[in-house]
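To start, the structure itself, in structure tokens.
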Amino acid sequence: MRSLGGVERVGRIVEVEAYLGPHDLASHSSRGLTERTKVMFGPPGHAYVYFVYGMHNCMNVVTQKEGHASAVLLRAVEPVKNVEGGSHGPGRLCRAMCIDRRLNGHDLVSDDFFIAESPDGPVPIVRRPRIGVEYAGRWAKRLLRFYIKENPYVSKK
DNA sequence: TTGGCGATTTTC
DNA sequence: AAAATCGCCAAA
């Protein structure tokens with residue numbers, strides 16, 4: 001859930017990718033602790049939002065305790081409330097949910113920005129290799145992309 | 001200080 | 001298939 005200007009935008013997360021830590025050559029944290037990646041090295045439960053290709057924002061959730069530098073990239077959400085213009089794909093998700101670099105480092109246990117447990121029970125999950133990380137050698141082959149089976153809002157490919 | 005390139009998307 | 005577009009970061 002993202003609240004901005006009195007508008008609450010709600011999406012159901014249907015696709016994610018895991019980035020394990022500095023040993024994971026596909027992860028930004030493999031470059032070590034830099035100005036850009038410092039949030040990843042920080043405490044869990046915070047948003048790591050970065051800007052790529054000169055035009056897109058991507059959002060991650062820091063997942064492991066301080067120093068581990070692992071995170072989960074949110075790749076697609078199913079629109080639930082006030083989500084318009086397409087929300088499949090990391091960049092489009094951020095655009096639709098009004099998430100940008102100003103939220104980098106933001107606590108995800110906040111009134112205006114948080115993730116809650118789904119009211120759904122267990123759902124079937126598909127595992128695939130991550131997208132757009134061909135440079136990472138063998139790490140590109142790891143099955144670290146997860147999405148809800150047959151959900152129409154999962155990104156293509 | 002500089003140049004190559006990117007966890008993407010859109011258009012030709 | 002290739003452009004759009006700019007901040008990050010390694011190298012000089």
Side-chain angles (χ1 to χ4, degrees), chain A residues 1-2 4 9-80 82-108 113-115 118 123 125-157:
Chain A
M1 198 291 294
R2 165 73 174 136
L4 178 66
R9 295 169 213 275
V10 181
R12 175 191 185 212
I13 300 169
V14 297
E15 176 185 358
V16 300
E17 283 178 2
Y19 289 84
L20 304 186
H23 59 292
D24 177 357
L25 296 184
S27 174
H28 291 168
S29 61
S30 66
R31 297 280 187 180
L33 191 148
T34 68
E35 186 58 30
R36 177 208 207 184
T37 62
K38 65 181 182 184
V39 173
M40 286 186 83
F41 285 84
H46 291 251
Y48 164 46
V49 183
Y50 65 93
F51 186 64
V52 276
Y53 297 110
M55 59 192 86
H56 301 296
N57 291 290
C58 294
M59 175 190 166
N60 298 253
V61 180
V62 180
T63 49
Q64 298 279 64
K65 66 183 180 185
E66 195 162 355
H68 281 236
S70 60
V72 168
L73 169 70
L74 272 43
R75 290 194 55 91
V77 298
E78 175 180 327
V80 173
N82 293 325
V83 179
E84 291 162 12
S87 58
H88 53 93
R92 305 173 101 192
L93 181 156
C94 285
R95 186 183 60 185
M97 295 289 289
C98 298
I99 296 167
D100 62 39
R101 281 173 293 177
R102 289 171 296 188
L103 289 172
N104 189 37
H106 201 285
D107 190 344
L108 284 169
F113 197 28
F114 63 84
I115 296 175
S118 169
V123 293
I125 300 295
V126 179
R127 295 184 64 166
R128 289 286 182 272
R130 291 174 292 187
I131 290 178
V133 296
E134 311 312 317
Y135 58 83
R138 65 189 182 88
W139 284 95
K141 297 186 172 64
R142 295 285 302 272
L143 301 179
L144 293 173
R145 175 181 179 224
F146 305 83
Y147 59 86
I148 296 177
K149 186 178 181 181
E150 294 177 7
N151 184 286
Y153 296 95
V154 170
S155 64
K156 313 307 174 198
K157 296 178 191 176

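Throughout, protein chains are lettered first and strands after them, A, B, ... in sequence-line order, and every chain is numbered starting at 1. Quantities reported herein were computed from a predicted structural model and do not represent experimental measurements.
Distance A/Asn60 CG to B/dT8 P: 11 Å, rounded to the nearest Å. Going from atom CZ of A/Arg145 over to atom C1' of B/dT8 covers 13 Å, rounded to whole Å.
A 4.5 Å side-chain heavy-atom check between A/Ile115 and A/Val61 finds at least one atom pair inside the cut-off. You'll find the side chain of A/Glu15 stays beyond 4.5 Å of the side chain of A/Tyr153, heavy atoms only. Side-chain contact between A/Tyr48 and A/Asn104 is present, with at least one heavy-atom pair separated by less than 4.5 Å. Side chains of A/His23 and A/Trp139 form a contact here, defined as non-hydrogen atoms less than 4.5 Å apart. With contacts defined as side-chain heavy-atom distances shorter than 4.5 Å, the pair A/Leu20/A/Leu144 qualifies. Side-chain contact between A/His56 and A/Cys94: absent, with no pair of heavy atoms (C-beta onward) separated by less than 4.5 Å. Side-chain atoms of A/Val10 and A/Val83, non-hydrogen and from C-beta on, never get closer than 4.5 Å to each other.
Of the side-chain N and O atoms in A/Tyr50, none sit less than 4.0 angstrom from OP1 or OP2 of B/dG6.
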Protein N or O to nucleotides 9-12 of chain B N or O, pairs below 3.5 Å:
from: B/dT9; atom 1: OP1; to: A/Gly89; atom 2: O; distance (Å): 3.4
from: B/dT9; atom 1: OP1; to: A/Pro90; atom 2: N; distance (Å): 3.1
from: B/dT9; atom 1: OP1; to: A/Gly91; atom 2: N; distance (Å): 2.7
from: B/dT9; atom 1: OP1; to: A/Arg92; atom 2: N; distance (Å): 3.1
from: B/dT9; atom 1: O4'; to: A/His56; atom 2: NE2; distance (Å): 3.0
from: B/dT10; atom 1: OP1; to: A/Arg95; atom 2: NH1; distance (Å): 3.2
from: B/dT10; atom 1: OP2; to: A/Arg92; atom 2: NE; distance (Å): 3.2
from: B/dT10; atom 1: OP2; to: A/Arg92; atom 2: NH2; distance (Å): 3.3

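A search for side chain to side chain contact (heavy atoms under 4.5 Å, CB included) contacts involving A/Arg101 returns A/Phe51, A/Asn57, not counting sequence neighbours.
For C/dT5 and B/dT2, the P atoms lie 23 Å apart once the distance is rounded to whole Å. Nucleotides C/dA2 and B/dC5 place their C1' atoms 16 Å apart, quoted to the nearest Å.
Taking the 5' to 3' direction, DNA chain C first and last meets chain A under 4.0 angstrom from a heavy atom at C/dA4 to C/dA10.
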Worksheet entry | Secondary-structure string, 5' to 3', Watson-Crick or G-U under 3.5 Å, | for another-strand partners, for DNA chain C | ||||.||||||.

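In this structure, A/Arg36 reaches the sugar-phosphate backbone alone: every heavy-atom distance under 4.0 Å involves primed, P, OP1 or OP2 atoms, never a base. Note on A/Met40: a base of the nucleic acid sits closer than 4.0 angstrom, heavy atoms only.
Ring centroid separation for the pair A/Phe113 and A/His106 comes in under the 6.0 Å cut-off.
In this structure, A/Arg2 forms no cation-pi arrangement with A/Phe114, as its terminal cationic atom is not both closer than 6.0 Å to the ring centre and no more than 45° off the ring axis.
Other residues, nucleotides and ligands place more than 12 heavy atoms under 6.0 Å from the NZ atom of A/Lys156.
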Donor-acceptor pairs under 3.5 angstrom involving side-chain atoms of residues 37-44 of chain A: please list them, not counting sequence neighbours.
from: A/Thr37; atom 1: OG1; to: A/Gly32; atom 2: O; distance (Å): 2.8
from: A/Thr37; atom 1: OG1; to: A/Thr34; atom 2: N; distance (Å): 2.9
from: A/Thr37; atom 1: OG1; to: A/Thr34; atom 2: OG1; distance (Å): 3.2
from: A/Lys38; atom 1: NZ; to: A/Glu35; atom 2: OE2; distance (Å): 2.9

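With salt bridges taken as basic N to acidic carboxylate O contacts below 4.0 Å, one links A/Glu17 and A/Arg75.
Listed in residue order, the members of residues 9-33 of chain A having a heavy atom less than 4.0 Å from DNA chain C are A/Arg31.
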